[in-house]
Amino acid sequence: MFDYSFVFGVGLSSFLICAVNLIYTFIQGRTDKTHNKIFIGLYFILAVNAVTEMASSIYDDDPTLAAGSLNAVRVSKYVYFATHTVLCPLFFYYVSNISFASTRLSNIKTVIIFVPLVITELLALTNPLTNAVWSFDENNRYCREWGLTLIYIAALIYYVLGIIVLVNSWRILSGKRKKALVFFIFMVATGVIVQLVDKTLRVEVLTEVLGLSGVMMSIENEDERLYSGTRFYNRAAMNLDLGGCLTHNRKLSLIMIHIHNFDNISRLVNSGENNVIVEMIADYLKSVVKRYYVYVPEKSTVVLTLYDEMGEKADQIAEDILKRFDESWEYKDYSIQLNATVMVADVPKQIKSTSEFFYMLDSHGKESKDKRVLRDDDLGFIMRRQALEEALARGFAENSYEVYYQPTYNLDGSLHGAEALIRMHDKELGKLYPDEFIPVAERSGLIDDIDDFVLEEVCKFIKSGVPARYGINSINVNLSVQQCMRPGFVEEVTEIVERYGVKKRCINFEITESIAADDYDIFSNIITRLKKAGFMFSMDDYGTGYSNVSSVFSLDFDVIKIDKSILWGAENKLGMTILENTIRMIQQMEKKILVEGVETIDQVRLLEKLKVDYLQGYYFSRPIPKNEFVKLISIAKARK
């Protein structure tokens, strides 16, 4: 059996650890956030508990206590239970706060959850009258009463609730936070079990203090969450905190401020620091929201989080911010003008995932140059593009892609060929057209896979023998600039076609005029190599670009496809002159001509007079799925 010196030493050690950690916490200035305050409260309670343990340990189990000494023990016990009873509920609230779960509780649920605390705290506070928790027998020996069992049961309830919150928030907590909380839970459980088994081994407070020390080092220490050189939070913290709000359905508004001229400002002030803008506007930001509601996900972007009633004023706050940014900023010896765009979005109404948020954030509102405050519908194009990227990414796994075919005809009405065109049928977004998703595919890097898919589908179709049976000599396949620039492109294309045993002259690649004009040397080399291998080439959409005509025609195209806008513009005298001269110039260069966008019989007759080679447009057929295309050309052949 241990004497009082053991318990006294444990209490003293606990108190010293509490004192040191509290002093360190205040020195570091980690006192402003709600979870900081809860943490400090936990340590204060444990410090008080340590003092009461030291005081009571001197007199415990001594039947010869004088009245004054007995009163000292009674006071120590009273203070211990009055404060220690709050410990587990506070820990539950701490875990709920750092995981944003506390915001998920309605007022009724909050009242229900804290009923056990109220009951047990009343038992502890009224113990001098009821002796429900503890008492002294006729020999002045300390005795546990039935109320203490209720206190332990209540503590267990909050302990379990804390674990449940931790499990539900597991994926939104950083690795360090997870380990610190698990360590604390383990230490608390160890101390309680030991003290329940043998009340003379009063190590519960010490184990709780040690567990809380781990929390201090891993959670209260937010150095890894801070943006370098500031007290604002970084991108990783933004990801975790927003994830917590989304997981627990906390509503808030986000104001995203992007500085477009960051690089120019950095050069102006000769600063190589990433936080030059943040340093310039820090004081102003802290006048708008509290320090810990500001995030710096990148050097030129700042995000303000507005909770509760602040969110209702988000639009006005955004306007006020923009007005301030219209004024100059003083930085060292410079007066600087910042060019800013402000985006405002609600969580979870508009932003339903962290990926959506960062997609919006990284877009910077570049597509909307006329507005400087983007809100609601102004952000729709960003969210649509993000949805398109997700659809493109899952497209192959879900068989969303399909190749359509649009026939081309000779002047006499006979079938000449077809153009292969990609379409999408996404399960969430429905039918998608190339004009919308191809630019997104090019930016996201998925265009290569799509182009390869189209080429392979065309090769399979040609291999089936159906096109040749109905007089189709070649099928046009569009090329993107990214695909052409890909290392080993020529070899890869050749390998695909040869794998299916298709004659290369059956493939006619199309390149748009604007793309071909970007780098004539590279494309000339690509075209030369592919034509040498046996492929054919067409220039698509001629008349829409701004290329040098002589350079364009120096490329060895077999067919020039005149854009539909040239044909449709021929309704007036100037437009007719442009169409006639365009066709005449191409004919003089001895290139075949295909005119797109043919929709009326009058256009057909006009192009017959101008003696172009091939026609394509809705007058003959829209792009249609392969099965419908086969049916169309089979009917046309049967009529002949």
Side-chain angles (χ1 to χ4, degrees), residues 404-421 433-435 466-478 506 508-514 516 536-545 547 549 552-553 557-626 628-640:
Y404 276 39
Y405 294 88
Q406 185 175 26
T408 59
Y409 292 85
N410 296 303
L411 276 183
D412 61 5
S414 61
L415 189 64
H416 162 256
E419 180 180 1
L421 298 163
Y433 292 94
D435 288 349
V466 173
R469 188 185 313 151
Y470 295 103
I472 294 178
N473 298 319
S474 65
I475 296 179
N476 293 18
V477 177
N478 290 279
C506 295
N508 187 333
F509 290 118
E510 293 187 10
I511 300 177
T512 64
E513 175 190 354
S514 58
M536 297 179 65
F537 265 87
S538 296
M539 173 181 286
D540 194 16
D541 300 332
Y542 179 76
T544 60
S547 54
V549 174
V552 168
F553 284 99
F557 292 109
D558 297 287
V559 180
I560 305 297
K561 298 182 68 174
I562 296 178
D563 186 71
K564 58 181 179 288
S565 62
I566 303 296
L567 174 63
W568 294 352
E571 295 179 354
N572 56 56
K573 184 176 180 180
L574 176 60
M576 181 64 72
T577 300
I578 293 173
L579 175 64
E580 291 174 345
N581 283 291
T582 299
I583 291 174
R584 186 180 302 113
M585 179 182 67
I586 297 173
Q587 288 171 336
Q588 290 173 350
M589 294 183 178
E590 300 181 351
K591 304 289 185 182
K592 296 288 185 180
I593 300 173
L594 185 152
V595 179
E596 300 174 305
V598 180
E599 296 187 349
T600 67
I601 184 62
D602 291 337
Q603 290 173 338
V604 173
R605 290 169 180 166
L606 170 64
L607 294 171
E608 286 175 346
K609 291 180 182 178
L610 295 175
K611 297 181 180 180
V612 301
D613 299 285
Y614 313 116
L615 308 175
Q616 180 182 7
Y618 287 0
Y619 175 78
F620 303 101
S621 173
R622 293 173 177 268
I624 52 180
K626 183 177 68 175
E628 293 182 30
F629 175 71
V630 172
K631 183 178 180 180
L632 173 72
I633 59 179
S634 64
I635 292 173
K637 185 173 183 179
R639 287 174 180 173
K640 292 188 176 182

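Below, all heavy atoms of this structure are taken into account, side chains as well, without hydrogens, waters or symmetry copies. Just so it is clear, the model here is predicted, and its values are computed rather than measured.
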Problem - Minimum-distance pair of heavy atoms, taken over all atoms of Trp568 and Gly597 - result: NE1-O, 2.8 Å
Fill in the blank from the handout: Nearest heavy-atom approach of Leu421 to Pro623 is CD1-CG, 3.6 Å
Handout entry: His416 ring center near Tyr409 ring center (under 6.0 Å)
Key = no
Working to the nearest 0.5 angstrom, can you tell me the gap between [X] [atom1] and [Y] [atom2]?
| X | Y | atom1 | atom2 | value |
| --- | --- | --- | --- | --- |
| Ile562 | Ile593 | CD1 | CD1 | 5.0 Å |
| Ile583 | Leu606 | CD1 | CG | 7.0 Å |
| Tyr405 | Ile624 | OH | CD1 | 11.5 Å |
| Leu607 | Leu615 | CG | CG | 5.5 Å |
| Met589 | Ile586 | CE | CD1 | 8.5 Å |

Handout entry: Counterpart residues, side chain to side chain donor-acceptor pair (under 3.5 Å), relative to Asn508 (two or more places apart)
Key = Ser538
Practice task
Please name all residues satisfying side chain to side chain donor-acceptor pair (under 3.5 Å) with Ser474, sequence neighbours left out, ordered by chain then number.
Solution key: none
Exercise for the section: Tell me, yes or no, whether the heavy-atom count around Glu580 atom CD, taken from other residues, nucleotides or ligands under 6.0 Å, exceeds 12. Expected result: yes
Problem - side-chain contact (heavy atoms from CB on, under 4.5 Å) between Gln406 and Arg622, intermediate numbers included - result: CA-CA 6 Å; Gln406 185 175 26; Arg622 293 173 177 268; 5.5 Å; no
Problem - Carboxylate-amine/guanidinium contact Lys561 Glu596, below 4.0 Å - result: yes
So does [Y] get a backbone contact from the side chain of [X], meaning a donor-acceptor N/O pair under 3.5 Å?
| X | Y | answer |
| --- | --- | --- |
| Gln587 | Leu610 | yes |
| Ser621 | Pro407 | no |
| Gln603 | Thr600 | yes |
| Asn410 | Asp412 | no |
| Asn572 | Gly575 | yes |
| Lys591 | Phe557 | yes |

Problem - Qualifying residue for side chain to side chain contact (heavy atoms under 4.5 Å, CB included) with Asn476, from Gln616, Met536, Glu510 - result: Glu510
Practice task
Go through the steps to decide whether Asn478 and Asp540 satisfy the test side-chain contact (heavy atoms from CB on, under 4.5 Å), and finish with yes or no.
Solution key: CA-CA 8 Å; Asn478 290 279; Asp540 194 16; 3.5 Å; yes
